[in-house]
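First comes the structure, then the notes that go with it.
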Amino acid sequence: MKKQPKPKLAFFDFTDCEGCQLQFANLGNALLELTELVDIVSFREIMSEGTDDYDIAFIEGSITTDNDVLRIKKIREKAKVLVTLGACATIAGVNGIKNRSSLEAAKRIVYGDKAGIINSIKAMPVHEVVKVDYVINGCPVYIPEVISVVKCLLMGKPYVVPNYPVCVECKMNENVCRYEKDQECLGPVTRAGCNSWCVNNGNRCYGCRGLVDKPASDAAKDILQKYGLKAEDILNSFTLYNDSMGEKYDQEFK
Amino acid sequence: MKYASLKKADLFEWLEHLKKKAKLYAPRKKENLFVLRPVKNVEDVCLEYIPTILPPKKYYFPQKEKLFKFSAQPFKTGKAIDKFEEFVLFGVHTCDIAGIQCMDVAFRDGPEDPNYLNRKDKMAIVGIECLKYCDKYANCTSMGNHVPRGGYDLMMVDIGDKFIIHINSEKGEKLVTDLGYIKEAAQADMDLLDRAREAKKKVFKEEFTGPLSKVYDVFDKSFASDIWKDVGKRCVACGNCTAVCPTCYCFDVADEMELNLDDGVRYRIWNSCQMDDFAKVAGGEDFRKGRDSRQRHRYYRKFKYPVDRFNRYFCTGCGRCTRTCMAQINLVETVNSLLNEKGIVE
């Protein structure tokens, strides 16, 4: 096979904690294997150099300012492939909570008397502004899934995010169900793909990967009520990560 | 020797012996529930338990199982079947043994499933008969699985300070012979066994309000019943019921590449008819769109279709689907409402 030049990989962050890039930096041996296939040309968490010459852009963080909009559009023009890395970039994540209040109120709460001079728009996932080729859900991203997505993109294959709930993977891992212990858990309505990472480690599901396509909201509400939880509780849990889709959640759960 | 006896005080010694002979799996506690696990310390083995979260199927039909390795350039495929080691499933309830029998029927139906058959060859089953109900969710009596009906190598029954062990195969016999502490059962022990079985008849009562033959008839006539709408409305499609079912055997097949993008593994992974996309085909057509039709399908796969095809009910009565359901969809209630709807009440 003729040796082709390696594609150039660059990382960009917007409004986020940079934790998903940290996950990528922590790929370990896989990161070294990956450098056989790609050149990482810009990644400020692991290298000082940087360049504007790249083929694949990994985008972390949500779009929250006018400048972000301009910047992401420029990246999109340059990148042959654009990947969103983590909940902030993929579903707006925690930043989406901002959208629950009016923009003015949100600015006042955060910036106080400087609110007037700060530019801020509603928090958006990247796909609301530019076309996205691959998405990697999660807060933070789950390393084995990152590797699966990277393999797909290098082979030019689509990556199919599961459309079934976290429970499917959780049950295969033979965890004791959180509901069995009278604890709430967003597993039944949250998209799988994380191998029930949190529950395996004694936590519950927070819904960081977003809803499955057709969540059984009525049934989910019934379950929560049976376990003594109110619709507001689940709405609050959901809005931790998913408020950029606030309307959808309101519609499903109110 | 057909029946042997083992003093309870010698159980751990026997377990140590089995552990040396083969890989040993047995029930143990996990938080407030139970799971089958490889035995590290024999003291952890728990014989008084409610059905484990996952049934024994995970050992002969694993959640995710490698089928073979391949490479793309040059194209090469590896040997399809791995070598498996001898293993003993210890302390299996009679309902789960019925589950293994169902899987056996399904996987032996042509084309035979070599992965399953090879594992099955290496497997020895030591059962334990329940003398009381595990909990309120079981429907083993209606299914006839509250008593041993074959399919095991050894079957233990607790008769106080001893276990009576029924030896049902050559493989089983090898696990109990030449051990000073396992003796042929005395007549007095056999009398105790009879008494235990007699007492059991007062404890176990049919859970369905009609006989099994009527259940089949009712399923034949209930495809359009509104009961499915109600079940579908409560279902969240989490797939728990099918994952924990000892007779659900659907799987998907997928390839996974190594990072060198040349070598890969083909594996199979459990799949479930409760998933939204399960019955979707090319072109986007979906044969079972709603959760109601998917739940109905699950029930028909236990009480109707396998009876037509294999002359066997694929519900074992273990109660796992009810126990695990967050929405409290209850199998006994569903079947009884169907019976009731068609006017069959005892």
Side-chain angles (χ1 to χ4, degrees), chain A residues 1 27 29-38 144 147-148 150-157 160 162-182 184-185 187-190 192 195 202 212-227, chain B residues 29-37 52-55 58 62-64 72-74 231-245 254-262 264 269-272 274-278 280 286 289-292 294-295 320 323-329:
Chain A
M1 212 162 58
L27 285 179
N29 282 343
L31 187 59
L32 296 177
E33 278 182 64
L34 195 60
T35 54
E36 299 284 316
L37 301 165
V38 297
I147 295 172
S148 300
V150 168
K151 284 184 219 165
C152 283
L153 97 88
L154 290 174
M155 290 187 287
K157 274 173 53 176
V160 182
N163 185 26
Y164 48 76
V166 172
C167 296
V168 173
E169 291 168 347
C170 195
K171 204 44 83 195
M172 284 206 238
N173 290 320
E174 215 171 2
N175 292 318
V176 174
C177 179
R178 310 313 292 177
Y179 286 97
E180 180 75 38
K181 304 185 206 176
D182 287 338
E184 75 173 293
C185 177
V189 282
T190 302
N195 192 32
V212 290
D213 280 350
K214 283 183 231 154
S217 10
D218 284 342
K221 268 193 283 192
D222 282 354
I223 291 173
L224 286 158
Q225 269 155 17
K226 272 179 203 143
Y227 287 90
Chain B
K29 218 164 165 53
K30 180 172 185 179
E31 298 172 53
N32 54 338
L33 295 176
F34 296 89
V35 289
L36 285 163
R37 284 280 186 275
T52 47
I53 302 178
L54 289 181
K58 66 177 181 178
Q63 293 92 318
K64 188 173 176 181
Q73 301 233 338
V231 170
K233 234 163 76 186
R234 287 147 64 203
C235 174
V236 275
C238 68
N240 280 356
C241 49
T242 51
V244 302
C245 179
D255 293 342
E256 206 168 78
M257 300 301 285
E258 302 285 335
L259 252 180
N260 65 17
L261 302 187
D262 196 55
I269 183 165
W270 288 1
N271 203 348
S272 163
Q274 301 308 302
M275 304 295 88
D276 198 17
D277 302 334
F278 185 82
K280 215 177 243 177
D286 187 350
K289 249 185 200 149
R291 285 180 286 273
D292 51 348
R294 297 202 291 272
Q295 273 293 338
R320 279 192 183 84
R323 205 172 286 120
T324 197
C325 183
M326 293 169 279
Q328 290 157 21
I329 294 171

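Since the model is a prediction, treat every value here as computed from it, not as a measurement. In what follows, chains carry the letters A, B, and so on, assigned in the order in which the sequence lines appear, proteins first and then strands, with residues in each chain numbered from 1.
Heavy-atom minimum distance, P165(A) versus C238(B): CG-CA, 3.6 Å.
With chain A as partner, the option from T52(B), V35(B), V244(B) having the largest number of non-hydrogen pairs under 4.5 angstrom is V35(B). Per-residue counts of heavy-atom pairs under 4.5 Å with chain A were compared for K233(B), Q328(B), E256(B); the largest is that of Q328(B). If you tally non-hydrogen atom pairs under 4.5 Å between each of P62(B), A327(B), G239(B) and chain A, the highest count goes to A327(B).
To the nearest 0.5 Å, atom CG of residue N175(A) and atom CG of residue L54(B) are 9.5 Å apart. Distance check, rounded to the nearest 0.5 Å: CG of D277(B) to CG of N163(A) gives 4.5 Å. One distance of note links CG of N260(B) with CG of L154(A); it measures 11.5 Å at 0.5 Å rounding. Summarising the geometry, atom CE belonging to M326(B) is positioned 11.0 Å from atom CD belonging to E180(A); distances are rounded to the nearest 0.5 Å. Rounding to the nearest 0.5 Å places CE of M155(A) at 5.5 Å from CE of M257(B).
Neither the backbone nor the side chain of A192(A) comes within less than 4.5 Å of any heavy atom of chain B. K64(B) does not touch chain A: none of its heavy atoms, backbone or side chain, sits under 4.5 Å away. In this structure, the portion of E258(B) lying under 4.5 Å from any heavy atom of chain A is its backbone and not its side chain. Within the 4.5 angstrom heavy-atom criterion, no atom of T242(B) approaches chain A. For chain A, no part of I329(B) is nearby; none of its heavy atoms comes within less than 4.5 Å. Looking at N240(B), the atoms closer than 4.5 Å to chain A (heavy atoms on both sides) sit in the backbone and in the side chain alike.
Counting heavy-atom neighbours within 6.0 Å of N32(B) CG, excluding the residue itself, gives a total above 12. In K181(A), the NZ atom is crowded: over 12 heavy atoms of neighbouring residues, nucleotides or ligands sit closer than 6.0 Å.
At a threshold of 4.5 Å between non-hydrogen side-chain atoms, the residues L261(B) and L37(A) count as touching. At a threshold of 4.5 Å between non-hydrogen side-chain atoms, the residues K171(A) and I53(B) count as touching.
No salt bridge links K30(B) with E174(A); every basic N to acidic carboxylate O contact stays at or beyond 4.0 Å.
Put simply, the side chain of Q63(B) gets close to the backbone of M172(A): a donor and an acceptor are under 3.5 Å apart.
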